[in-house]
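Structure record follows, encoded as structure tokens.
Every chain is numbered from 1, with letters handed out A, B, ... down the list of sequences.
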Amino acid sequence: MSSVAILIETIDGVVPKSAGELATFAKRMGEVTAVMVGGDCSSQLTNYSIDSLVQVDGVDVSKFGVPAYVDAIAAVIAAKNCDVLLVTSGARGKEIAGRVAVRTNSGVITDAIDIDSEKIATQSIFGGSTTVHSQVTTPLAIFTMRSNSVEIVEGACATSVEKLSATPSTATLKAEVLALEPLVKGGRPELTEAAIVVSGGRGTNGDFSAVEAFADSLGAAVGASRAATDAGWYPHSHQVGQTGKTVSPSLYVACGISGAIQHRAGMQTSKMIVAINKDPEAPIFELADYGVVGDLFAVLPSATAAISARK
Amino acid sequence: MKIAVCVKQVPDSWAEKKMVNGSLDRAGVDAVLNDLDEYAVEEALKIIEAHSPTGEAGEGSGHSITLITMGPDRASEALRKGLSMGADSAIHISDSALAGADSLLTSHVLAEAIKSGNFDLVLCGTESTDARMSVVPAMIAERLGWAQLTFAGSVVVDPAATKVEISRVTEIGAEKMQAQFPAVISVVEKINEPRYPSFKGIMAAKKKSIEVKALADLGLSATPAWSNVKDATPRPARAAGLKVEDSGNGGSDLVNYLAEKRVI
Ligand SMILES: Cc1cc2nc3c(=O)[nH]c(=O)nc-3n(C[C@H](O)[C@H](O)[C@H](O)COP(=O)(O)OP(=O)(O)OC[C@H]3O[C@@H](n4cnc5c(N)ncnc54)[C@H](O)[C@@H]3O)c2cc1C
Ligand SMILES: Nc1ncnc2c1ncn2[C@@H]1O[C@H](COP(=O)(O)O)[C@@H](O)[C@H]1O
């Protein structure tokens, strides 16, 4: 049986759904230790399978970022003798995992979509065209797990919080966060967590109202192609693709998006893909389960109306 | 200022990729300079231009840009591209023992090469388009014990060239970060528009030096891998499904289809 540490990253004090996914994966392997840094958020973890809760003090993650997380995790791994570390895949999470790997001389596997009780991870690479199973051969095995890849299995959470103090390493103090401008969150679900994503591209010509209305009728998140974010039509944080976010919802609707390879890289593993495009030759149709050749400004409003009619 | 830029040669994004013996088959596909690393080369040039008495990089600026790559022999082509954009020289670490290297080994080798060069700043892309791990720059910072300033959407070096400020753009927002030299920086693709090499640049690049090093030259020897691939199965390419022309009820037909498939 393994001793698995999971990192609980909060955004503005809020624990994301991916924490429950990490607990779900971790429980398959053994005892689960949740690592909280920069505040006690245990009240938001009560539904998850967590055997012990550790709150680390002594390092300031809001001021020193990634390396401060690494100092905290390294302290927990040493104190708890962990042989597995799970972190959510994201820009910050992957960097944290990578640095812990260097510091502890351990193997790291990123962007796993599944992991079994034997610590064998599944990755979907090359834009979903190849499935790979890999394992780490060092005593500590580190994985970053892509969010939205598992159905959360709820369980009992420890009730007491253990405190641990970590010391920042000298390198940690070398780069300092002077100010944070948080992302403005809309009322819609988070892109990487949503079950349905509706995205708009250059074909919207800057008018996302039809895309948003359809998304809202389905309770979906809104995404955008780089052409749309570059033009300033939609915030960069909503960009889907290689240099944006990777999403794998159960339904992805691409509206006025041609399907460039860099866009595909971020959405190709979606369970079902729908494309709406004026151009019957658009490459996005090559991977769409259902394609509508037409004007998005005609198709989307009629689809939105049809959804409303079903309610 | 001495700036190092880590650049990688990768298979062309459009090339069909497949796995052979647990690693990417690189032999059969066209290789290019990782396009995300072009932004790092461009940003290095911009930093030097802003600090050069002549407004230009290169000899006479009093500063230098060294490209560093780890890769097979033909990775020198990617270096030529960066040199023709305006970098001054290059280091190419090539060794048969490095075939199939993972991020831990890559960052180790790059960090050792950086240590031997007395650099002030190391610039990287945010991701290599083949490995797609986005971990090497952070790992290099950890190994060197330098400041980590990654995912930079802007980079400003102070006039005295002793400290640097960036805006780190990630899923949590934009963080203004600052550090003294030396620092490891990775830049996002929104930061600039990489220049096309000029004819003059291409000709000049032919004369610039590429120093080729083997592992032993860095005082390193091959290490066993930290992880391994058990199996890799190609999934059948996504087949195109239904394609229907909208003639007025494309929207409601779509909704009916989604309902039938129980996705809504
Ligand atoms: C280093 C690098 C990184 C990149 N990273 C990303 C990334 O992360 N994400 C990303 O998306 N792209 C990325 N790109 C850009 C990518 O190559 C494409 O340029 C981009 O995805 C194109 O966006 P688009 O499909 O919206 O625009 P276009 O390719 O211009 O396509 C617009 C489509 O809309 C259709 N259309 C027009 N009007 C209508 C209408 N009224 N109704 C219906 N359809 C209509 C057109 O037929 C066309 O197919 C990257 C590029 C580079 C070089
Ligand atoms: N073999 C390599 N040689 C030089 N630079 C590299 C190499 N691998 C990764 N890098 C750098 O690290 C960045 C992130 O790569 P990765 O972590 O592989 O996604 C790249 O954009 C490069 O700047």
Side-chain angles (χ1 to χ4, degrees), chain A residues 11 66-67 90-92 94-95 98-99 101-103 106-107 109-110 120 126 128-138 170-171 174-183 218 236 242-243 250-251 261-262 272 274 285-294 298-303 306-307, chain B residues 13-14 17-19 103-104 107 129 133-135 138-139 142-143 145-151 170-180 183 188-190 225-235 237-238 240-246 249-252 254-255 257-259 261 263-264:
Chain A
I11 298 175
V66 169
R92 182 170 67 182
K94 290 205 275 190
E95 292 191 329
R99 290 190 69 141
V102 167
R103 197 170 293 185
S106 308
I109 289 172
T110 55
I120 294 170
F126 307 153
S129 66
T130 303
T131 302
V132 169
H133 292 105
S134 359
Q135 61 191 4
V136 172
T137 49
T138 51
T170 22
K174 287 184 178 169
E176 194 182 337
V177 178
L178 304 175
L180 167 68
E181 209 179 289
L183 288 179
L218 294 168
H236 178 55
Q242 178 174 40
T243 48
S250 47
L251 172 63
I261 193 95
Q262 294 92 348
M272 180 184 282
V274 168
F285 287 124
E286 289 164 18
L287 60 156
D289 300 287
Y290 190 90
V292 186
V293 181
V299 177
L300 284 177
S302 97
I307 300 273
Chain B
S13 306
W14 282 104
K17 296 172 194 150
K18 49 181 207 296
M19 299 283 281
S103 56
L104 282 151
S107 63
T129 54
M133 289 186 74
S134 287
V135 292
M139 284 179 160
E142 172 77 27
R143 291 193 186 278
W146 291 10
Q148 175 191 324
L149 299 174
T150 46
F151 288 91
T170 64
E171 61 271 345
I172 65 164
E175 290 165 293
K176 201 162 105 180
M177 296 187 73
Q178 178 193 284
Q180 300 286 326
V188 303
E189 105 292 357
K190 302 261 161 191
W226 290 259
S227 58
N228 60 45
V229 171
K230 286 176 68 72
D231 56 70
T233 341
R235 264 218 302 243
R238 265 195 116 96
L242 289 169
K243 187 155 89 177
V244 293
E245 193 92 31
D246 173 37
N249 36 16
S252 48
L254 165 63
V255 170
Y257 174 82
L258 295 176
K261 295 286 175 191
V263 282
I264 56 171

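- With chain B as partner, the option from A171(A), S302(A), G294(A), P67(A) having the largest number of non-hydrogen pairs under 4.5 angstrom is S302(A).
- Each of K190(B), Q180(B), M139(B) has some count of heavy-atom pairs under 4.5 Å with chain A, and the biggest count is that of K190(B).
- The shortest side-chain heavy-atom distance between L258(B) and Y290(A) does not fall under the 4.5 Å cut-off.
- With a threshold of 4.5 angstrom between heavy atoms, L218(A) approaches chain B through side-chain atoms but not through N, CA, C or O.
- Residues meeting the salt bridge (Lys or Arg N to Asp or Glu O under 4.0 Å) test with E181(A), sequence neighbours left out: none.
- Most heavy-atom pairs under 4.5 Å with chain A: of the set L149(B), N249(B), D246(B), this distinction falls to D246(B).
- Between chain A and the residues K261(B), E175(B), R143(B), the most heavy-atom pairs under 4.5 angstrom are made by E175(B).
- Under a 3.5 Å cut-off, the side chain of Q148(B) and the backbone N or O of A175(A) do not form any donor-acceptor pair.
- In this structure, the portion of A288(A) lying under 4.5 Å from any heavy atom of chain B is its backbone and not its side chain.
- Contact detail for G107(A) and W226(B): the closest heavy-atom pair is CA-CB, 3.4 Å.
- Interface remark: E286(A) contributes backbone atoms only to the contact with chain B (heavy atom separation under 4.5 Å).
- Heavy-atom pairs under 4.5 Å with chain B were tallied for V274(A), T138(A), T243(A), L300(A); the largest tally goes to T243(A).
- Per-residue counts of heavy-atom pairs under 4.5 Å with chain A were compared for V135(B), T170(B), N228(B), V188(B); the largest is that of N228(B).
- Under the 3.5 Å distance criterion, the side-chain polar atoms of S252(B) are left unmatched by any main-chain donor or acceptor of A303(A).
- If you measure heavy-atom distances from V102(A) to chain B, the contacts under 4.5 Å come from both the backbone and the side chain.
- For chain A, the option among A259(B), S107(B), G173(B), G251(B) with the highest count of heavy-atom pairs below 4.5 Å is G251(B).
- Looking at L104(B), only its side chain comes within 4.5 Å of chain A, counting heavy atoms on both sides.
- Considering only heavy-atom pairs separated by less than 4.5 Å from chain A, the leading option among T150(B), I264(B), V255(B) is V255(B).
- Interface remark: S103(B) contributes side-chain atoms only to the contact with chain A (heavy atom separation under 4.5 Å).
- Of all the heavy atoms in G250(B) and V299(A), the pair that sits closest is C-CG1, 4.1 Å.
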message: Using the rule given for side chain to side chain contact (heavy atoms under 4.5 Å, CB included), can you reason through E171(B) versus R92(A), listing the C-alpha separation, both sets of side-chain angles and the distance that settles it, and then say yes or no?
response: CA-CA 8 Å; E171(B) 61 271 345; R92(A) 182 170 67 182; 3.8 Å; yes
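- K174(A) and G145(B) get closest at one heavy-atom pair: NZ-O, 2.9 Å.
- For A225(B), the part lying under 4.5 angstrom from a heavy atom of chain A is the backbone only.
- Listed by chain and residue number, D71(A), E142(B) satisfy the salt bridge (Lys or Arg N to Asp or Glu O under 4.0 Å) test with R103(A) (two or more places apart in sequence, or in another chain).
- Side-chain contact between E189(B) and Q242(A) is absent, with no heavy-atom pair separated by less than 4.5 Å.
- The choice from A298(A), A179(A), P301(A), S250(A) that makes the most heavy-atom pairs within less than 4.5 Å of chain B is A179(A).
- For a residue to count as touching a neighbouring chain, one of its non-hydrogen atoms must lie under 4.5 Å from one of that chain's; by this rule L251(A) touches chain B with the side chain only.
- Nearest heavy-atom pair across T130(A) and A232(B) is CG2-CB, 4.1 Å.
- Neither the backbone nor the side chain of T170(A) comes within less than 4.5 Å of any heavy atom of chain B.
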